[in-house]
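The next block holds one structure in the form of structure tokens; read it before the comments.
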Amino acid sequence: MKRTITDELKMFPRFNPVGESAILLEIDEELSLEINRRVYALDTCIQANPLRGVREWVPAYSSMLVIFDPLLVGISEVKSWLKNCLENVSDNEVQKAKKVVIPVHYGGENGPDLNHVASYHHLSPGEVVRRHTAQTYHVGMMGFTPGFAYLLGLDLSLATPRLKSPRTNVPAGSVGIAGGQTGIYPLESPGGWQLIGRTDLALFNPDQPPYFLLAPGDEVQFKAINMGAF
Amino acid sequence: MPLFVENASLIMSLQDLGRFGFMRFGLPESGPMDWRAFGSANRLVDNPPDSACLEVGFTDASLRLEKDALFAICGVGYQIYLNGRQMPLWMSFWVQKGDRLDFEKTPGGNWVYLAAAGGISSQVWMGSRSVYPKGGLGRLLQRGDRIPIGESTHQSRWDAGWFIPQANRPAYDRDVSAGVIPGPHYERFTDEAQAAFWQQKFKVTSRSDRMGYRLQGENLAHRTGVDLLSQGMVMGEIQVPSDGQPIVMMPDHPTTGGYTSIGTICRPDLPLIAQAQPGISEINFVKINPNDARDRLIKATNDIDKIEKPQEDIWTHL
């Protein structure tokens, strides 16, 4: 049977140049915890087997972007090194994820949308907090703004659409829900997520290391500081 | 504080080569829009290649100098006046305490870089002096700001007069031809869109800044879905959202994105795009493979080192 271009696009893993200074490895096009864990097993492998000229690499949900200096290393050498890393990654490889507990003030002025999220799902605010703190989340990738973690693992009974009109100023540390995602705003910025709480921890502190509270691949647990209030 | 900002341009900031290693945390590299002009300015005043420069963009600016120093200004789209007398770009010159330096915006480009011998010694965040306001790393310069300059061994006007010959500068032009490496999602565009991408001329829109340049042209239609799971992105990458109008990633670009990329502008030609003027320049893209792009990158990098000095003292003629 003749293979179509669309079929070609579905063949994984795919290695593609991104300019002369980077390679994108797409492991899959699905969003799943299993595939994401493979990305982080690869991340560990890359870190353990450095190649001269590779400057940095950016893990994402189901892909890995490797950026190199083409004056120090050739693109074909980077590709075979990356391929070799991928082949030597076992799906069962347990990566040592760092676990981060994030204390959160839920509701009130820290979480102005908690009541809305609760009534949207016909739950009490306390039950929303209970379900939000019950899960262990996984940092699938980071991006959007410095220190922003895309967390996998929201209890989908809490999935809530974004605000119809975004706020112009969301305070740093705000914890929100948008569709099936949950996350924390590292910096004060505009935003349309439903805000259910706020943490006092700095997600991003450029003044001293460690600059970021979370790293890609980490496990995250929210803890209610004010559980008694519900 | 040797540099006093009397008037700041629309986008004016301090930039070194950028900060590396934090893209996985969502922090872009930042650094100069035009790395070739930036590198040349530093070279002409004998600075290390990663020294911080003043990046001036899009509108007029003025400085008052509070110290004698050796300067070089490289780039395009500006005329420079020292105490009202026009100065050449791409050449080092000596300035004295009390001098006034005016950057007058002219057609031809968007950005110039001022390098001072000794380098700009502003605040360092995470290993770099590059300002990235969106991430809380400093802010754009404003009227009344003072900029510090480091110590230098170049202490007289006899160190001035070094220049980069025209042939070794980027070929800035109203009609821009830029090399693009197709991918990583080139096959996701229709045959018509692929052909149009290489054949048509794009314009830069005014919705362009240090994060990205929005281009305008014929709609580039996708064969399959527009959206992808978010992936890492690099400078020069050309993303095409569902409206079919490309966006070129610039130094402060988001580190990840979920749109398909039709290709990536090769690094040697990225300065030509950075200097393409909104609404005026016409850009056409030419296919290039990664190895040829690498060869051109080597040449462009070497050109920065080809500085010359006239036999006689140029100052006697000015």
Side-chain angles (χ1 to χ4, degrees), chain A residues 5-6 8-10 14-26 28-31 35 43 55-67 70-71 74-76 140-150 172 186-189 204-209 211-212 214-217, chain B residues 19-29 123 125-126 132 134-138 179-188 191 223-225 228-238 254-258 261 263-268 270 288-298 301:
Chain A
I5 289 171
T6 321
E8 290 281 343
L9 292 175
K10 303 230 182 278
R14 283 159 47 90
F15 294 82
N16 273 308
V18 190
E20 75 293 310
S21 312
I23 290 178
L24 178 72
L25 160 58
E26 293 166 283
D28 209 315
E29 58 180 354
E30 303 297 323
L31 173 54
I35 290 160
D43 187 57
R55 215 168 60 187
E56 58 185 296
W57 58 98
V58 186
Y61 285 134
S62 64
S63 64
M64 180 69 81
L65 175 73
V66 176
I67 301 168
L71 305 190
I75 191 165
S76 51
M141 58 178 268
M142 294 180 76
F144 175 53
T145 57
F148 183 84
Y150 289 86
L187 305 162
E188 184 181 296
S189 62
F204 174 44
N205 175 11
D207 296 326
Q208 59 185 50
Y211 304 113
F212 301 95
L214 300 175
Chain B
R19 59 181 64 72
F20 306 107
F22 303 110
M23 278 182 70
R24 61 192 281 118
F25 298 101
L27 184 66
E29 296 179 352
Q123 188 182 343
W125 297 270
M126 304 166 76
Y132 175 55
K134 191 168 172 268
L137 309 184
V180 166
I181 293 120
H185 312 119
Y186 184 73
E187 301 80 9
R188 291 186 188 244
D191 293 345
R223 190 191 300 278
T224 57
L228 304 163
L229 274 185
S230 287
Q231 303 173 327
M233 297 195 289
V234 301
M235 216 182 290
E237 196 166 329
I238 309 166
T255 55
T256 55
S261 296
T264 303
I265 294 161
C266 65
R267 263 186 75 72
L270 201 49
I288 187 171
N289 69 48
N291 288 325
D292 290 346
R294 175 181 178 271
D295 292 344
R296 293 198 31 219
L297 179 62
I298 292 171
T301 306

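Lettering follows sequence order; numbering is per chain, from 1. The figures that follow rest on heavy atoms only: side chains count, while hydrogens, waters and symmetry mates do not.
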Hey, does A:Pro146 have a side-chain heavy atom less than 4.5 Å from the side chain of B:Tyr132?
yes
Contact part of B:Thr301 toward chain A, heavy-atom cut-off under 4.5 Å: side chain, backbone, both or neither?
side chain
Give the intermediate values and the outcome of side-chain contact (heavy atoms from CB on, under 4.5 Å) for residues A:Arg55 and B:Met23.
CA-CA 11 Å; A:Arg55 215 168 60 187; B:Met23 278 182 70; over 6 Å; no
Residue, of A:Trp57, A:Phe148, A:Phe15, that accumulates the most heavy atom pairs under 4.5 Å with chain B
A:Trp57
Between A:Tyr61, A:Tyr150, A:Tyr211, which has the largest tally of heavy atom pairs under 4.5 Å with chain B?
A:Tyr211
Given a strict heavy-atom distance threshold of 4.5 Å, which part of A:Phe144 is in contact with chain B: side chain, backbone, both, or neither?
backbone
Separation between OG (A:Ser21) and CG (B:Leu297), nearest 0.5 Å, reads 6.5 Å
Heavy-atom distance under 4.5 Å to chain A: side chain of B:Ile298, backbone, both or neither?
both
Identify the heavy atoms of A:Asn16 and B:Pro184 that sit nearest to each other, and give their distance.
ND2-O, 3.3 Å
When you look at A:Phe212 and B:Leu27, which way does the side-chain contact (heavy atoms from CB on, under 4.5 Å) test go after all the steps?
CA-CA 10 Å; A:Phe212 301 95; B:Leu27 184 66; 4.3 Å; yes
Proximal component of A:Ala22, with respect to chain B [non-hydrogen, under 4.5 Å]:
side chain
Where does A:Glu30 contact chain B at under 4.5 Å (heavy atoms): side chain, backbone, both or neither?
backbone
Going from OG1 on B:Thr264 to CG on A:Leu24, what distance comes out if it is rounded to the nearest 0.5 angstrom?
9.5 Å
Could you tell me which non-hydrogen atom of B:Thr256 sits nearest to which non-hydrogen atom of A:Gly143, and how far apart they are?
OG1-CA, 3.6 Å
Measuring heavy-atom distances to chain B, does A:Ile23 have an atom under 4.5 Å in its side chain, in its backbone, in both, or in neither?
neither
Go through the atoms of A:Leu31 and report whether side chain, backbone, both or neither lie under 4.5 Å from a heavy atom of chain B.
both
Nearest non-hydrogen partners of B:Ser230 and A:Ala60, listed with the distance:
O-CB, 3.4 Å
Heavy-atom closest pair (B:Arg24 atom, A:Glu56 atom, distance to 0.1 Å) is N-OE1, 4.5 Å
Relative to chain A, which segment of B:Gln231 carries a heavy atom at a distance below 4.5 Å: side chain, backbone, both, or neither?
both
Please check this pair: side chain of B:Glu237 against backbone of A:Val18, looking for a donor-acceptor N/O pair closer than 3.5 Å.
no
Decide yes or no for A:Pro216 and B:Phe25: does some side-chain heavy atom of the first lie under 4.5 Å from some side-chain heavy atom of the second?
yes
Please identify, among A:Gly74, A:Ser63, A:Ala149, A:Ser189, the residue contributing the most non-hydrogen atom pairs under 4.5 Å to chain B.
A:Ser63
Would you mind checking which part of B:Phe22 comes under 4.5 Å of any heavy atom in chain A, side chain (CB onward), backbone (N, CA, C, O), both or neither?
both
To the nearest 0.5 Å, how far apart are CD in A:Glu26 and CG in B:Leu228?
7.0 Å
Between B:Lys134 and A:Thr145 the two heavy atoms that sit nearest each other are NZ-CG2, 3.8 Å
What part of B:Asp292 gets closer than 4.5 Å to chain A, counting heavy atoms only: side chain, backbone, both or neither?
neither
Looking at A:Leu65 and B:Met233, what are the two nearest heavy atoms and their distance?
CD2-N, 3.5 Å
Please determine, among A:Glu20, A:Gln208, A:Glu188, A:Met141, the option with the most heavy-atom pairs under 4.5 Å with chain B.
A:Glu20
Which atoms of A:Phe204 approach chain B - backbone, side chain, both or neither, heavy atom under 4.5 Å:
side chain
